[in-house]
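Notes to accompany the following structure.
Read the numbers this way: they start at 1 and go in the same order the structure lists the ligands and their atoms.
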Amino acid sequence: MCGIIGYSGPLEARTILLDGLSQLEYRGYDSAGIAYFDSRSKIHVVKKTGKVSHLREAFSSVSDSSHCGIGHTRWATHGGVSDANAHPHRAGRVTLIHNGIIENYHHLTQEFHLESGLISQTDSEVAARILDLFYEGKPIPAIRQLTERMEGSYAFCIMFDDHPGEIYAVRSVSPL
Ligand code: GLU
């Protein structure tokens, strides 16, 4: 089962996210990733197959501060175990992590003509891309539109490029 953590506040977000993912390791996972706003409010995504310790190594020389971010340990259901399939997924102004299974993802891929633009094999990236299509600067109406179209189970944790410091979360069936 995957794990999700989000943090926004005065402390160093990267450290909290990585420590949080370490605490979630017992649930089992095949890859891990985090996304965070840097000190200039730009989102960075780092994700890798393998252990959280492997992900942590990627930050050994990063000193820039971060105060908001999301993290994920993945248990693959759609697509193999690869860096591209690891979460978070980026689509336009959307950065999203997902726990669960979107049962109608294939139908949605066709309906929204997403085939050629997908970078991963996951149902989760389909959700990220549809959310970006709906997004017109206001997160909550776009998330509502997204969840109206989702069938299956989901817990989403989402950041938007133009809303630094904010994390949006929504769930159905999957825990969050
Ligand atoms: N279905 C998603 C995937 O395969 C999420 C899996 C999970 O819950 O970790 O990437």
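Scanning the protein heavy atoms around atom 3 (C) of ligand 1, the nearest turns out to be R74 NE, 3.5 Å. From the protein, the heavy atom lying nearest to atom 7 (C) of ligand 1 is W75 O, 3.4 Å. Annotation: atom 1 (N) of ligand 1 to nearest protein heavy atom, T77 OG1, 2.6 Å.
Within a 6.0 Å radius of CD in E136, other residues, nucleotides and ligands contribute 12 heavy atoms or fewer.
Those atoms of ligand 1 with a heavy atom of H72 less than 4.0 angstrom away are 9 (O). For ligand 1, the atoms sitting less than 4.0 Å from at least one non-hydrogen atom of C2 are 7 (C), 8 (O), 9 (O), numbered in the order shown with element in parentheses. Remark: ligand 1 atoms within the under-4.0 Å shell around heavy atoms of D123 are 1 (N), 2 (C), 3 (C), 4 (O).
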**Report entry** Working for salt bridge (Lys or Arg N to Asp or Glu O under 4.0 Å), residues D161 and R90
**Finding:** CA-CA 10 Å; D161 281 6; R90 287 273 296 163; 2.7 Å; yes

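Heavy-atom minimum distance, M159 versus E166: CG-O, 3.8 Å.
Ligand 1 is approached by G100 to a heavy-atom distance shorter than 4.0 Å. Put simply, part of N99 is less than 4.0 Å from ligand 1, judged by heavy atoms.
Close N/O approach between H78 and ligand 1 is found [any backbone or side-chain N/O within under 3.5 Å].
Taking the centre of each ring, Y105 and H78 come in below the 6.0 Å mark.
Residue pairs meeting the ring-ring contact (aromatic ring centres under 6.0 Å, His included) criterion with at least one member in residues 114-142, sequence neighbours excluded, are F112-F134, Y135-F160. Annotation: side chain to side chain donor-acceptor pair (under 3.5 Å) contacts involving residues 141-159, sequence neighbours excluded, comprise E111-R149.
Ion pairing of R56 with D19 is present here, as a side-chain N (NZ or NE/NH1/NH2) and a carboxylate O approach within less than 4.0 Å.
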